[in-house]
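Note that the numbering runs from 1 along the sequence shown for the chain.
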Amino acid sequence: MSALLDLLMGIFRQQTLGGAALELAALAAPLWVAALVGLLIGWAWRPRWAGVVVGDNAQQAAPPPPARVTATAEASRLESAAVVPRTVVAPVAPEEEQLVVNTGDLMHLWRLVEEKDGGPSWIHMMERTLPTMRYQAWRRDPPNGPPQYRSSTIFEDASPEVVRDFFWDDEFRIKNSWDDMLLQHETLEECTKTGTMVVRWVRKFPFFCSDREYIIGRRIWASGKTFYCVTKGVPRPSVPRQNKPRRVDLYYSSWCIRPVESRKGDGAMTACEVLLFHHEDMGIPWEIAKLGVRQGMWGCVKRIEPGLRAYQVARTAGEPISKCAAMAHVTTKFNADELNTEDNTEASSSNNNMEIEKPKHWTNNIPKVLMIGGAVALACTFDGGLLTKAVIFGTARRFAGPGRR
């Protein structure tokens, strides 16, 4: 720096003003040439903000029109408060999308079964064992929405087909009273092509609560001997609301029914596992609901096993199945392995997109280097003290900064 000051003092000792100006020009010329070259090269690798400055992107695409509100918008909003299904990876036919229970619901249940839904971790609640039944239950508390429950029930000597019909048979639920909370049921809609149904339930609640009304959409998919049974609350403005029973809008209760190895140790797949995923907003404070569920869960579950055995006896005796059970035979076939492949492909594509956004070469930083280099040149040319240098370097950082975005 002292050498630069000595050089400047020598310039100002010139006898004429013109001579001093020529000496200053000779001193500054290399620095200004370097700055000019830096700006030209920097413009060749200009960052995205440079195009905005000169108006290259003046014509922006018009924002997309607001999404049209559909009849199921309110139900989707309520369900998303507790569960947020990921995007469906496979293309969906228009007629499939219009169904109250569609492929998106299958994908969500499949991800729950495979523990790929991205939700909180499950907390183990209880484990019980009977001679012909094993039961485990878990709970998790999402940031928004009611508590969610997951259970695994394994029945010995039971086929997935009979267990599927058993849970779908509303008439047998009331007739046998294994589900003593169900008071009324009626079928509102049904599709004999896909097996999709809309049913109305009225369930009994404790004496200090009014009974609850449910409008439920349900459907079954089959992959081999594994059945994915979806039931969830759906909106039906055509069914008027009443003060009693009280309507429950947010309801999700779905099963995966599949054959598993018997605990007899003979290697035979003669047992059947039912993975249940359930949550609902009953209109009761969630902490109180959690306490009630924990206290009453096993009492309700252990009634299922005698009911299933009675159902097996009735089927073996040749009793005709109900219309609800007959609809359980109308399933949509699919390949679960393909879902796994598509899900992995989607995850890989997301990772690749993230990699594309990262800088791929050191040349992306050239504009910032040249900008800062030009600032150094200016700061050395105008020796105006620390304040001048701070202004110049601050301006350089401000213009070089957008290149990081």
Side-chain angles (χ1 to χ4, degrees), residues 109 112-113 122 124-139 147-185 199 201-206 212 214 216 218 220 225-232 251-264 269-280 282 289 292-317 319 321-322 324-325 327-328:
L109 175 57
L112 285 171
V113 172
W122 294 100
H124 192 265
M125 290 179 58
M126 70 170 61
E127 184 171 355
R128 299 287 189 273
T129 302
L130 295 175
T132 57
M133 186 183 81
R134 288 170 286 167
Y135 178 77
Q136 293 187 76
W138 298 262
R139 191 199 78 241
Q148 300 175 7
Y149 297 92
R150 172 179 181 259
S151 66
S152 170
T153 310
I154 298 179
F155 300 102
E156 293 290 330
D157 300 317
S159 68
E161 291 82 3
V162 172
V163 174
R164 173 202 64 193
D165 297 354
F166 169 71
F167 280 111
W168 227 242
D169 197 330
D170 295 339
E171 294 183 15
F172 190 81
R173 280 178 184 257
I174 294 180
K175 176 183 175 181
N176 181 264
S177 297
W178 70 266
D179 182 0
D180 58 355
M181 292 184 65
L182 184 60
L183 298 177
Q184 302 175 26
H185 77 90
V199 300
W201 280 5
V202 176
R203 295 179 68 80
K204 179 177 64 176
F205 269 56
R212 296 298 193 263
Y214 299 78
I216 299 171
R218 60 190 192 183
I220 300 176
K225 286 186 171 292
T226 299
F227 300 100
Y228 293 81
C229 311
V230 175
T231 72
K232 67 173 188 176
Y251 175 82
Y252 184 86
S253 188
S254 299
W255 311 280
C256 174
I257 302 173
R258 57 191 179 186
V260 294
E261 184 177 343
S262 172
R263 65 177 175 179
K264 297 175 183 177
M269 304 289 284
T270 55
C272 178
E273 181 184 30
V274 178
L275 278 174
L276 169 67
F277 299 89
H278 181 96
H279 67 266
E280 61 179 289
M282 299 175 286
V293 168
R294 186 175 185 85
Q295 295 300 320
M297 178 180 289
W298 176 240
C300 293
V301 170
K302 67 182 181 180
R303 298 172 63 91
I304 299 176
E305 207 262 350
L308 174 61
R309 303 309 172 187
Y311 195 74
Q312 287 177 312
V313 170
R315 293 289 291 270
T316 303
E319 291 187 14
I321 63 175
S322 68
C324 292
M327 287 296 292

Q: In sequence, state the C-alpha distance, the side-chain angles, and the governing distance for Arg139 and Val293, and then conclude on side chain to side chain contact (heavy atoms under 4.5 Å, CB included).
A: CA-CA 10 Å; Arg139 191 199 78 241; Val293 168; over 6 Å; no
Q) Rounded to the nearest 0.5 Å, how far apart are CG of Leu183 and CH2 of Trp201? A) 11.5 Å
Q.
So which atom in Trp122 and which in Tyr149 form the shortest heavy-atom distance, rounded to 0.1 Å?
A. CZ3-C, 3.8 Å
**Q.** Separation between CZ of Arg212 and CE of Met282, rounded to the nearest 0.5 Å
**A.** 8.0 Å
Q: Start with the C-alpha distance between Ile304 and Phe155, add both sets of side-chain angles, then the distance that settles side chain to side chain contact (heavy atoms under 4.5 Å, CB included), and finish with yes or no.
A: CA-CA 10 Å; Ile304 299 176; Phe155 300 102; 3.8 Å; yes
Q: May I ask you to decide if the ring planes of His124 and Trp138 are parallel, tilted or perpendicular, using 30° and 60° as cut-offs?
A: perpendicular
Q: Applying salt bridge (charged side-chain N to carboxylate O under 4.0 Å, His left out), run through Lys225 and Glu161 and close with a yes or a no.
A: CA-CA 8 Å; Lys225 286 186 171 292; Glu161 291 82 3; 3.1 Å; yes
Q: Find the distance between SG (Cys272) and CD1 (Ile154) and round it off to the nearest 0.5 Å.
A: 9.0 Å
**Q.** Nearest-0.5 Å distance, CE of residue Met327 to OG of residue Ser322
**A.** 11.0 Å
Q) Can you tell me how far the CG atom of Asn176 sits from the CD atom of Glu171, to the nearest 0.5 Å? A) 13.0 Å
Q: Can you see which heavy atom on Arg263 is nearest to which on Met133, and at what distance?
A: NH2-N, 4.1 Å
Q: Please name the pair of heavy atoms, one in Gly299 and one in Arg303, separated by the smallest distance, quoted to 0.1 Å.
A: O-CG, 3.4 Å
Q. What about His279 and Tyr251, are their ring centers closer than 6.0 Å?
A. no
Q. Taking all non-hydrogen atoms of both residues, which atom of Cys229 and which atom of Ile257 are closest, and how far apart?
A. SG-CD1, 4.0 Å
(Q) If the threshold is 4.0 Å, N to carboxylate O, is there a salt bridge linking Asp157 and Lys264? (A) yes
Q) Looking at side-chain heavy atoms only, is the closest gap between Pro160 and Thr226 below 4.5 Å? A) no
Q) Can you find a heavy atom in the side chain of Glu273 that is under 4.5 Å from one in the side chain of Ser152? A) yes
Q: Starting from the C-alpha separation in whole Å, work towards a yes-or-no answer on side chain to side chain contact (heavy atoms under 4.5 Å, CB included) for Met297 and Met125.
A: CA-CA 10 Å; Met297 178 180 289; Met125 290 179 58; 3.9 Å; yes
Q) Can you check whether Tyr214 reaches Glu280 side chain to side chain, under 4.5 Å on heavy atoms? A) yes
Q: For residues Ser159 and Val162, determine if any side-chain heavy atom of one lies less than 4.5 Å from a side-chain heavy atom of the other.
A: yes
Q. Can a salt bridge be assigned to the pair Asp179 and Arg203 using a cut-off of 4.0 Å between side-chain N and carboxylate O?
A. yes
**Q.** Sidechain N-carboxylate O distance under 4.0 Å for Asp170, Arg218
**A.** yes
**Q.** Non-hydrogen atoms of Ala271 and Ser262 that approach each other most closely
**A.** CB-CA, 4.0 Å
Q) Does a salt bridge link Glu127 with Arg134, judged by any charged N lying under 4.0 Å from a carboxylate O? A) no
Q) Taking it one step at a time, do Thr153 and Leu276 satisfy side chain to side chain contact (heavy atoms under 4.5 Å, CB included)? A) CA-CA 8 Å; Thr153 310; Leu276 169 67; over 6 Å; no
(Q) Side chains of Tyr252 and Gln148 only: does a donor on one sit below 3.5 Å from an acceptor on the other? (A) no
**Q.** Polar side chain donor-acceptor pair, Thr270 to Glu156, under 3.5 angstrom
**A.** no
Q) Please, which pairs that meet salt bridge (charged side-chain N to carboxylate O under 4.0 Å, His left out) have at least one residue in residues 306-315, sequence neighbours excluded? A) Asp165-Arg315, Glu305-Arg309
Q) Is it the case that Asp169 and Tyr311 place a side-chain donor and acceptor less than 3.5 Å from each other? A) yes
Q) Parallel, tilted or perpendicular: which describes the rings of Trp298 and Tyr135, with under 30° parallel and over 60° perpendicular? A) tilted
Q) Quick one: does NZ or CZ of Arg164 land under 6.0 Å from the six-membered ring centre of Phe227, within 45 degrees of the ring axis? A) yes
Q | Ring geometry between Phe167 and Trp178 (parallel below 30°, tilted from 30 to 60°, perpendicular above 60°) | A | perpendicular
Q: Would you give the length of the straight line joining atom CD of Gln184 to atom NZ of Lys204, rounded to the nearest 0.5 angstrom?
A: 12.5 Å
Q | Heavy-atom pair of closest approach, residues Phe277 and Leu112 | A | CZ-O, 3.5 Å
**Q.** Any side-chain heavy-atom pair of Val113 and Arg258 under 4.5 Å
**A.** yes
